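This report refers to the structure that appears directly beneath it.
Values in this document were obtained by computation on a predicted structure and should not be read as measured data. Chain letters run A, B, ... following the sequence lines, proteins first and then strands; every chain starts at 1. As a basis for the values below, the full set of heavy atoms in this structure was taken, side chains included, without hydrogen atoms, waters or symmetry mates.
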There are 2 protein chains.
Amino acid sequence: MGDKRQISMAVVRRLPKYHRYLLELIRNDVDRISSKELSDRIGFTASQIRQDLNNFGDFGQQGYGYNVKDLYNEISNILGLHANYNMVIAGAGNLGQAIAGYSNFEKEGFRVKALFDINPKLIGLSIRDIEIFDIDNLRNYLHDNKVDIGIICTPRVQAQKVADVMVKNGITAIWNFAPTDLDVPRGVIVENVHLLDSLLTLTYRVNEPKLLDYINKDPEEIVEEE
Amino acid sequence: MGDKRQISMAVVRRLPKYHRYLLELIRNDVDRISSKELSDRIGFTASQIRQDLNNFGDFGQQGYGYNVKDLYNEISNILGLHANYNMVIAGAGNLGQAIAGYSNFEKEGFRVKALFDINPKLIGLSIRDIEIFDIDNLRNYLHDNKVDIGIICTPRVQAQKVADVMVKNGITAIWNFAPTDLDVPRGVIVENVHLLDSLLTLTYRVNEPKLLDYINKDPEEIVEEE
DNA sequence: TAGATTGTTAATCGATTAACAATC
DNA sequence: TAGATTGTTAATCGATTAACAATC
């Protein structure tokens, strides 16, 4: 019914960083902060900070700045952290187990309820009291339990199949760690964590100076021109 | 000595995806591909694909398109994958162990040589033949061994300290999984994987429709206007 | 040769930054 | 009140898309 003016992904990706820095300010007993001061810490321009925040409301006060605690709460709310989230993990290998055992998520209301794997050696074991089930039971599990987020930590070749099962059984939010892009229907939200992609941007940047030197030299052809 | 025309981060972040899709094409025995066809698969516009690639060279041929294998090799090279990389991991908890055991990296020439931790219970153990050392030995290890990439998987509070040790002992590329932004000197490259940030953008998008409805309503004030 | 498709310039679109009136 | 700082509009910058001549 509304205008639904969309928030750009560029803005959305900055929101968790605001959340993180505001928590840090609370830890340091800072009560209020101006966009200028926050800019110095977080590294975005003051102008950008004000623009970003004003997408969601008038959280500041002229002549004063922003109340740190209030702003933190506003952004928590914007990020959906007023609710708890039940999650399941497909793929109980190293990575799946690591995510299941990562305590930082629990503090924000994220709960891993079950792991699923294809490997008989893993099925039946528990990681931090979270049981590993047979992947064939994923379908039934999703039927019987309210699950908000499906996490995919399987190898590449199984990822799409798992995603299909999740989507068919009501999952609308997928956190994908498999090194492939998933094909899902409109309305299903996928957030990718492509670790190798991330590592390759690191090696790109390590090599960039040499690479650009090489490209800009281009020794053969240049001699002939004008 | 060169012009050093910089490649934008937007382009750099797309490079690993080209790499991934080209490997997929090789797997499917596709020999050549046009920007149009690649566009259909990868989801970037054909125009963008040609622009991106032309930052680095003339890899295509009019009327033909791109040779898949050649282009794959070119991009591998651009990403620095002609070399091998020695890596060490600080923090041998779940996440550190998962990364140490993640086989996808090895295929591309990445080798985890050692883990380091503060926990006496972990020190001396091995993960996939990779030994866990006392974090106090990190300094000496970096002195005695050629290490290209430092990986930080410690809790937030220890991350900066570990980064300082790495930087002081010659590391110029850091892959950071700790939920904090590192302060490093110019010339040191940091690639962050902020898992919670990623998860929060997912929950943001899950809640976005409700949130924007709420913001766009603004019931109180609107009544009074014009 | 005719058709296809690149490399590249120009046009458009969107995101960031600057500026400043409003106001606490 | 005077000073500080927001919210917001306008200007700038950069990235994406469109168009097309060059050429395989």
Side-chain angles (χ1 to χ4, degrees), chain A residues 3-15 17-18 22 25 30-68 70-72 74-75 78 201 215-216 218 220-222 224-225, chain B residues 3-15 17-18 22 25 30-68 70-72 74-75 78 201 215-216 218 221-222 225:
Chain A
D3 194 18
K4 277 287 162 65
R5 123 201 95 91
Q6 188 68 12
I7 307 296
S8 83
M9 251 304 164
V11 173
V12 174
R13 296 240 168 252
R14 284 193 291 269
L15 293 174
K17 197 164 170 180
Y18 290 119
L22 287 164
L25 289 170
V30 177
D31 286 336
R32 66 160 161 144
I33 194 152
S34 66
S35 57
K36 173 67 176 60
E37 220 179 323
L38 187 55
S39 166
D40 293 339
R41 296 180 184 239
I42 207 171
F44 309 148
T45 64
S47 194
Q48 180 165 68
I49 291 169
R50 294 200 301 278
Q51 289 264 31
D52 282 352
L53 299 177
N54 266 91
N55 283 303
F56 301 102
D58 296 356
F59 303 135
Q61 195 170 308
Q62 283 103 324
Y64 174 90
Y66 300 87
N67 179 290
V68 171
D70 290 351
L71 186 56
Y72 176 77
E74 291 285 3
I75 289 181
I78 290 164
T201 65
I215 291 171
N216 291 335
D218 232 25
E220 307 85 87
E221 303 297 312
I222 289 171
E224 314 215 340
E225 310 239 328
Chain B
D3 195 18
K4 274 291 161 61
R5 119 201 97 91
Q6 188 69 15
I7 307 295
S8 84
M9 251 303 164
V11 174
V12 174
R13 296 236 167 257
R14 283 192 292 270
L15 294 175
K17 198 165 170 180
Y18 290 119
L22 287 165
L25 289 170
V30 178
D31 286 335
R32 66 159 161 145
I33 195 154
S34 67
S35 57
K36 173 67 177 60
E37 220 179 324
L38 188 55
S39 166
D40 292 340
R41 297 180 183 238
I42 207 170
F44 309 148
T45 64
S47 193
Q48 181 164 69
I49 291 169
R50 294 201 301 276
Q51 289 265 28
D52 282 352
L53 298 179
N54 266 92
N55 283 302
F56 301 102
D58 295 358
F59 302 137
Q61 195 171 306
Q62 282 103 325
Y64 174 91
Y66 300 86
N67 178 289
V68 171
D70 289 350
L71 187 56
Y72 176 77
E74 290 286 2
I75 290 182
I78 290 164
T201 66
I215 290 170
N216 293 333
D218 232 24
E221 305 294 314
I222 290 169
E225 310 240 327

d(CG, Asp52(A); P, dT17(C)) in whole Å:
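Nearest whole value for this atom pair: 10 Å.
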Select from Ala10(B) and Ile33(A) the residue whose nearest nucleotide in DNA chain D is closer to the 5' end of that strand.
Ile33(A)
Which nucleotide wins on minimum distance to the side chain of Ser8(B), given the candidates dA15(C), dA15(D), dT5(C)?
dA15(D)
Range-with-range stems for DNA chain C, at least three Watson-Crick or G-U pairs under 3.5 Å
C:3-24 with D:3-24
Please list each protein N or O that sits under 3.5 Å from an N or O in nucleotides 19-21 of chain C, with the distance.
unit_1: dA19(C); atom_1: N6; unit_2: Arg50(A); atom_2: NH2; d: 3.1

Pairwise side-chain contact, Tyr66(A) with Leu22(A), heavy-atom cut-off 4.5 Å (strictly under):
no
Is Arg32(A) close to Gln61(A) at the side-chain level, that is, under 4.5 Å between some pair of heavy atoms?
no
So, is [X] near the phosphate of [N], with a side-chain N or O under 4.0 Å from OP1 or OP2?
X        : N       : answer
Ser35(A) : dT5(D)  : no
Tyr66(A) : dG7(D)  : yes
Arg14(B) : dT16(D) : yes
Thr45(B) : dT16(D) : no

Report yes or no: is there a donor-acceptor pair, N or O only, under 3.5 Å between the side chain of Glu37(A) and the base of dT5(D)?
no
Pick base, sugar-phosphate or nothing for Phe44(A), based on heavy-atom distances below 4.0 Å to the nucleic acid.
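The residue Phe44(A) makes no contact with any strand.
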Which residue, Arg32(B) or Gln51(B), contacts DNA chain C at a nucleotide closer to its 5' end, judged by nearest heavy atom?
Arg32(B)
